[in-house]
Amino acid sequence: MAVEVPARIQPSGAGQFRYHFDGCTPLNTSKFESAGCHMNSRFSSGFTCSLIVLRFVLAAWIGAAVLYVVTSIAEQVFPEFDGRIRDQLATIRFPLYYRFGFACHLAAATAGLIVWRLAPESRRRTFLIVLLLILLSGIGILVDYRWVYTPLQNLIIPPGQPHTAEFEVLHQRSMHINEAHLMCIAFAGILSMLPVGQPTEKSSDSES
């Protein structure tokens, strides 16, 4: 014949309960609460680290692009550089510019995706806009490299040739695309710098 064992719940501290059974060891729920706090702290650390990476990469790409433009203008106006030297410098610098840009966009998109997924509800829309701006900028630099810069580079190989009308058209088009994608990155960087609250709602609830 089965005998029912009565159980009662008694508070044993702030947020903790012990379940007392006849002949059984009391159960302390603080282990489950500490596990939940540990999980929330992991989410908080992932959000914070990803946000730091996102902000750093966006700032790094903007700074690198601005420095690239400044050095390019200085080379163009330097009187001792002729057309041949300018073309040679362009074929050396531009591939590095695009490679670094692709790496920055990939890192920023990855960090932006993580930040958006772990962001608090009040800021998810903002970080979604940041992610979309990064993706839009990445599409812009990819289009520029594939369909504008590549044929433009072919027009200055071998270096020192006279620049044709096609060269001028492609050059102006590349300038406009780069201005547009850098504006997207600049807006994304400004939005990512805005202050944020708690990474997750669960962590704020547990703290309260």
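Hydrogens, waters and symmetry mates play no part in the numbers below; they use all other heavy atoms, side chains included. Throughout, residue positions are numbered sequentially from 1 according to the sequence presented.
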Open item on the list: A cation-pi test, strictly: NZ or CZ of Arg99 under 6.0 Å from the centre of the six-membered ring of Phe102 and no more than 45 degrees from its axis. Yes or no?
Closed with: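 So Arg99 doesn't make the cation-pi contact.
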Are there more than 12 heavy atoms of other residues, nucleotides or ligands under 6.0 Å from atom [atom1] of [X]?
X      : atom1 : result
Phe56  : CZ    : no
Gln161 : CD    : yes
Phe187 : CZ    : no
Arg125 : CZ    : no

Nearest 0.5 Å, please: how far is [atom2] in [Y] from [atom1] in [X]?
X      : Y      : atom1 : atom2 : value
Leu152 : Ile157 : CG    : CD1   : 10.0 Å
Arg86  : Glu75  : CZ    : CD    : 9.5 Å
Glu179 : Leu182 : CD    : CG    : 8.5 Å
Ile92  : Asp87  : CD1   : CG    : 11.0 Å
Leu170 : Ile156 : CG    : CD1   : 11.0 Å
Leu135 : Cys184 : CG    : SG    : 10.5 Å

TODO: Determine, using ring centers only, whether Tyr68 and Phe94 are less than 6.0 Å apart.
DONE: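 Ring centroids of Phe94 and Tyr68 are less than 6.0 Å from each other.
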Task: Short side-chain donor-acceptor distance under 3.5 Å, Tyr149 and Asn178 - done: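 Short answer, no.
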Under the 3.5 angstrom rule, does the side chain of [X] hit a backbone N or O of [Y] as a donor-acceptor pair?
X      : Y      : answer
Arg173 : Val148 : no
Ser137 : Leu133 : no
Thr150 : Tyr145 : yes
Thr110 : Leu106 : yes
Arg84  : Pro159 : no
Ser174 : His171 : no
Arg124 : Arg117 : yes
Glu168 : Thr164 : no
Thr91  : Gln88  : yes

Where is the tightest heavy-atom contact between [X] and [Y], given as atom of each residue plus distance?
X      : Y      : answer
Phe127 : Trp116 : CB-CA, 4.0 Å
Gly140 : Ile177 : O-CG2, 3.4 Å
Ser192 : Leu51  : O-CD1, 4.0 Å

Open item on the list: Under the criterion side-chain contact (heavy atoms from CB on, under 4.5 Å), I'd like the reasoning laid out for Val53 against Val115: C-alpha separation, chi angles, the key distance, then a yes or no.
Closed with: CA-CA 10 Å; Val53 172; Val115 169; over 6 Å; no
Flag yes if [X] and [Y] sit in one hydrophobic cluster, no otherwise; membership is Ile, Leu, Val, Met, Phe, Trp, Tyr, and two members link when side-chain heavy atoms are under 4.5 Å apart.
X      : Y      : value
Leu118 : Val57  : no
Leu113 : Leu132 : yes
Val130 : Leu136 : no
Phe100 : Val69  : no
Leu131 : Leu54  : yes

Open item on the list: side-chain contact (heavy atoms from CB on, under 4.5 Å), that's the test. Do Ile85 and Phe78 meet it? Break it down for me.
Closed with: CA-CA 11 Å; Ile85 295 178; Phe78 191 66; over 6 Å; no
Open item on the list: Can you tell me how the ring of His105 sits relative to the ring of Trp61, calling it parallel under 30°, perpendicular over 60° and tilted otherwise?
Closed with: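 Ring orientation, 0 to 90° scale: perpendicular.
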